[in-house]
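Within every chain, numbering begins at 1; the chains are lettered A, B, ... in the order of the sequence lines, protein sequences first and strands thereafter. Computed over heavy atoms, backbone and side chain alike; hydrogens, waters and symmetry mates excluded.
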Amino acid sequence: MCRALRTGSLVNRLIMLSSDALKRIDREIAKYPPEHRQSAVIAALAIAQDEHAWLSTETMDFVAHYLGMPPIAVYEVATFYEMFDTEPTGKYKLTICTNLPCALSSAAQAAAHLKQKLGIDFGETTADGLFTLKEGECFGACGDAPVVLVNNKRMCSWMKPEQLDGLIAELSAEAKR
Amino acid sequence: MNAPSEFLDYGPDALILAGLNGRNWGLGDYIARGGYEALKKILAEKVAPANVIAEVKKSGLRGRGGAGFPTGLKWSFMPQQYSGDKYLVCNSDEGEPGTFKDRDILRYNPHILIEGMAIAAYAMGCKRGYNYVHGEIWDTYERCEEALEEAYQAGLLGDNILGSGFSFHLYNCHGYGAYICGEETALLESLEGKKGMPRFKPPFPASVGMYGKPTTINNTETFAAVPWIIRKGGEAFLNLGRPNNGGTKIFSVTGDVERPGNFEVKLGLPFASLLDMAGGMRGGHKLKACIPGGSSMPVLPADIMMATDMDYDSIAKAGSMLGSGAVIIMDETRCMVRSLLRLSYFYFEESCGQCTPCREGTGWLWRVVNRIEHGQGRNEDLDLLISVSDNIAGRTICALGDAAALPVKSFIKHFRDEFQYHIDHKQCLVPAYV
């Protein structure tokens with residue numbers, strides 16, 4: 001009863017995602033037995049985050065409603081996995097791995113270059129709202145170090161200062177278009 | 001997807017990664033390399049599932065994800081007579097610092113995994129399988145989705161595969177940034193749509209796994225070795241390596257070498273030869289230390305490493321573990337305190353928080369190493385680090401606790417003078433680049 005009330009509230013029923021996103025989520029749900037819709041929660045949140053850039057409580061509530069989960073179970077997942085953002089980020093979230101194997105191939109210098117270039121530290125966003133910088137843990141691509149992820153999905157390999165400058169210029173130009 | 005930056009030379013003995021150029025990942029190319037012959041053979045000849053498992057046992061194949069457990073034995077734990085759902089899961093959540101071999105299998109030869117999983121499903125009677133891919137390698141995940149689609153279209157997956165009556169449905173799914181999900185029971189929790197907190201064992205997944213059903217979980221490279229074993233025989237695979245250490249292994253070499261990358265070699269190759277394949281030490285520097293099996297394994301100093309062969313038993317004898325096959329090379333300019341500091345932070349950051357010794361201990365380790373690195377170390381700190389490590393190791397549900405403790409103990413064991421120097425002189429013994 002309690003759960004039905006929560007997941008059935010007006011807020012949760014507001015459609016927070018586009019029909020395309022819902023179609024993609026349905027495709028993920030179909031990968032699991034019908035009684036295990038919850039298995040699709042990571043994929044559903046990733047799709048939702050791609051659409052809204054971050055996960056607001058309203059978005060998470062909607063995903064909970066859609067998958068038939070208690071909202072708290074969705075919040076747990078969203079806060080447990082590093083690549084989810086439950087607070088607004090800049091237009092471009094840059095995550096750089098600084099773990100030991102990457103550090104041995106100049107990732108620390110690359111991170112320092114990014115901080116200096118953008119004028120922000122890890123966990124901060126530039127004043128123009130364009131860039132958020134994050135320190136990542138192992139991406140499983142150590143041979144490509146230094147490695148930068150743009151908005152979780154685009155992996156940029158062998159990012160020396162020159163390539164980093166190029167990436168920032170490219171994204172800045174893209175944002176202006 | 002990033003194009004490969006250079007010719008992909010995985011070494012002359014490659015089996016899993018043989019003949020790849022970064023573009024020939026599709027079904028047609030895979031079939032031209034002899035792909036799906038093994039699956040077709042067991043389906044056409046209606047080989048008894050028990051015989052498939054026996055062949056894998058004979059091969060000496062051991063789990064390539066880190067623990068090195070004999071694969072055939074693991075498969076034999078699945079209840080053969082069980083009539084309900086059984087699941088097969090591939091652990092492609094490759095996030096052990098230094099390891100990036102599964103990514104190359106998945107993006108450059110994805111069908112070898114599909115075929116390996118289909119054979120495993122046949123051997124264990126699983127109707128459904130999941131390939132759980134590390135969240136950060138998104139283009140690789142999309143490649144897996146494309147390959148899966150090709151396999152379904154060709155009737156190599158799905159209902160009644162190639163008219164044999166055998167059905168297997170395989171799906172890709174992905175994580176989203178949690179190292180702990182590489183632990184098999186945490187991965188199962190994640191697959192069920194929960195936080196990735198490891199489960200207490202026993203019961204083992206073969207009894208109570210995904211959705212509470214019998215489940216077998218293997219690493220990507222483990223499944224990828226299976227088609228060759230079925231095609232050429234378990235004994236041939238075993239003979240490539242050494243007794244109890246069958247076959248080839250992909251080593252991911254990183255750090256201070258000229259050519260970081262993946263190299264697939266016969267188990268038992270001398271470490272010095274592997275180092276040569278990676279182009280030798282960068283800039284002519286000297287080898288100081290090596291972590292031979294991923295960041296969770298004990299570090300070894302140069303002299304021990306240079307006398308060691310790269311197989312499970314030899315590395316264990318030398319005092320470390322082969323783990324996932326991530327070989328992290330450090331030269332004489334590297335500060336061991338600073339190196340350990342970064343690893344300690346990683347385990348502190350990635351501890352799921354479920355078990356008190358790990359949740360509290362990893363933070364404690366990091367803070368103590370941090371103050372040593374920053375010139376505020378105390379004389380009793382090295383004993384304190386050992387004591388905290390001893391109180392984590394073996395006292396947690398999963399191996400992350402051990403993984404946090406082992407590096408600390410080994411760094412202090414082999415490089416105690418460097419740590420002591422930091423404490424005594426408030427500065428570093430070596431000009432650190434890290």
The interface call for A:E28 against chain B, heavy-atom contacts under 4.5 Å, is side chain

Part of A:T98 lying under 4.5 Å from any heavy atom of chain B: both

Contact origin within [X] toward chain A - heavy atom pairs under 4.5 Å:
{"X": "B:E96", "result": "backbone"}
{"X": "B:E145", "result": "side chain"}
{"X": "B:I328", "result": "side chain"}
{"X": "B:F100", "result": "both"}
{"X": "B:H174", "result": "both"}
{"X": "B:L341", "result": "neither"}
{"X": "B:Y179", "result": "neither"}
{"X": "B:T99", "result": "backbone"}
{"X": "B:E94", "result": "both"}
{"X": "B:L340", "result": "neither"}

Return yes if a side-chain donor-acceptor contact under 3.5 Å exists between B:N219 and B:N91, otherwise no. no

Verify whether one side chain among B:D93 and B:H134 offers a donor that lies under 3.5 Å from an acceptor in the other. yes

Taking B:E264 for the side chain and B:L17 for the main chain, is one N or O donor matched with an acceptor at less than 3.5 Å? yes

Basic-acidic side-chain contact under 4.0 Å: [X], [Y]:
{"X": "B:R143", "Y": "B:E149", "result": "no"}
{"X": "B:K288", "Y": "B:D256", "result": "no"}
{"X": "B:E192", "Y": "B:K194", "result": "yes"}

Please work out whether the ring planes of [X] and [Y] are parallel, tilted or perpendicular, with thresholds of 30° and 60°.
{"X": "B:Y345", "Y": "B:F348", "answer": "perpendicular"}
{"X": "A:Y32", "Y": "B:Y130", "answer": "parallel"}
{"X": "A:Y81", "Y": "A:F84", "answer": "perpendicular"}

Looking at A:Y92 versus A:F131, is the centre-to-centre ring distance below 6.0 Å? yes

When heavy-atom pairs shorter than 4.5 Å are enumerated against chain A, which of [options] gives the highest number?
{"options": "B:G255, B:S252, B:P97", "answer": "B:P97"}
{"options": "B:N172, B:I180, B:T254", "answer": "B:T254"}
{"options": "B:S295, B:G261, B:S190", "answer": "B:S190"}
{"options": "B:Y211, B:Y141, B:F346", "answer": "B:Y211"}

Option in [options] with maximal non-hydrogen atom pairs under 4.5 Å from chain B:
{"options": "A:V77, A:V41, A:T79", "result": "A:V77"}
{"options": "A:A145, A:P33, A:A44, A:A40", "result": "A:P33"}
{"options": "A:G143, A:A78, A:A43, A:A73", "result": "A:G143"}

Side chains of B:V253 and B:R259: does their closest heavy-atom pair fall under 4.5 Å? no

Applying the side chain to side chain donor-acceptor pair (under 3.5 Å) test to A:K93, which of A:T125, A:N152, A:N151 qualifies? A:N152

